[in-house]
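Written below as structure tokens is the structure these notes are about.
These values consider heavy atoms only, across backbone and side chains, with no hydrogens, waters or symmetry-generated copies. Note that the numbering runs from 1 along the sequence shown for the chain.
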Amino acid sequence: MARIAGINIPPHQHTEIGLTAIYGIGRSSARKICEACAIAYSTKIKDLTDADLEKIRDQIARLTIEGDLRREMTMNIKRLMDIGCYRGMRHRRGLPVRGQRTRTPTPAPARARARVPQC
């Protein structure tokens, strides 16, 4: 089983799909990594050589992934809440942030939090 960036990549999957198991890497990023490493998308993870895995690790090291990406996203949301902008207030209250309607189908947790009076 290949271990890249602290994540076990499923060995039976194609390289393009297997790389998406890493948080912060989607299909397009996985394709770019495969192209940069000169690896076919359809190659199974278990068929990669150690040299290929090392090339992939080098390409992935250039990206912001996993814990660093999560931390960055959390800090961005926290910054919005601290400056008190509209988006930050919506995050703080647990309501939809990007303009979705709130009159009807709102997820139950958001409804429950919205009914509790805020101090």
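Looking at every heavy atom in both residues, Ala2 comes nearest to Ile45 through CB-CG2, 3.7 Å. Heavy-atom minimum distance, Thr20 versus Ala30: CG2-CB, 4.4 Å.
Between Asp82 and Arg79 there is no salt bridge, since no side-chain N of the basic residue sits under 4.0 Å from a carboxylate O of the acidic one. Residues Glu35 and Lys32 are not paired through a salt bridge, judged by the lack of any N-O separation under 4.0 Å between the basic side chain and the carboxylate.
The cluster map of Ile, Leu, Val, Met, Phe, Trp and Tyr, joined by side-chain heavy atoms under 4.5 Å apart, puts Leu53 and Ile22 in the same cluster. Linking ILVMFWY residues whenever their side-chain heavy atoms come closer than 4.5 Å, directly or via other members, places Ile7 and Ile25 in the same cluster.
Judged by distance alone, with hydrogens and angles left aside, the side-chain atoms of Lys44 form a donor-acceptor pair with the main-chain N or O of His12 at under 3.5 Å. In terms of modelled atom types and a separation under 3.5 Å, the side chain of Arg90 and the main chain of Pro96 share a donor-acceptor contact.
The 12-atom threshold is not exceeded at CG of Asp50, counting heavy atoms of other residues, nucleotides or ligands nearer than 6.0 Å. Within 6.0 Å of the CZ atom in Arg87, the count of heavy atoms belonging to other residues, nucleotides or ligands does not exceed 12.
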Worksheet entry | Working for side-chain contact (heavy atoms from CB on, under 4.5 Å), residues Thr64 and Glu72 | CA-CA 9 Å; Thr64 304; Glu72 186 177 320; 3.7 Å; yes

Discussion item. Using side-chain contact (heavy atoms from CB on, under 4.5 Å), reason through Ile9 and Arg3 one step at a time and then give a plain yes or no.
Written reply: CA-CA 6 Å; Ile9 309 295; Arg3 189 165 176 85; over 6 Å; no

Discussion item. Working note: Ile33 + Leu63, criterion side-chain contact (heavy atoms from CB on, under 4.5 Å); need CA distance, chi angles, decisive distance, verdict.
Written reply: CA-CA 10 Å; Ile33 291 168; Leu63 302 174; 4.0 Å; yes

Item to complete: Could you check Tyr23 against Leu69 for side-chain contact (heavy atoms from CB on, under 4.5 Å), going step by step and ending with a plain yes or no?
Response: CA-CA 8 Å; Tyr23 183 81; Leu69 181 60; 3.7 Å; yes

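Considering CD1 of Ile17 and NE2 of His14, their distance stands at 7.5 Å, rounded to 0.5 Å. For the atom pair OG1 of Thr15 and NZ of Lys46, the computed distance is 12.0 Å after rounding to the nearest 0.5 Å. Here the NE2 atom belonging to His91 is positioned 8.5 Å from the SG atom belonging to Cys85, to the nearest 0.5 angstrom. In this structure, CG on Asp47 lies 10.0 Å from OG on Ser42, to the nearest 0.5 angstrom.
At least one side-chain heavy atom of Lys55 sits less than 4.5 Å from a side-chain heavy atom of Asp52. Cys34 is listed as a side-chain neighbour of Leu19, based on a closest heavy-atom distance under 4.5 Å.
Judged as a salt bridge (charged side-chain N to carboxylate O under 4.0 Å, His left out), the pairs with a partner in residues 6-17 (not counting sequence neighbours) are, in order, Glu16-Arg27, Glu16-Arg31.
Its side chain within the 4.5 Å cluster rule, Met81 clusters with Ile77 among the Ile, Leu, Val, Met, Phe, Trp and Tyr residues.
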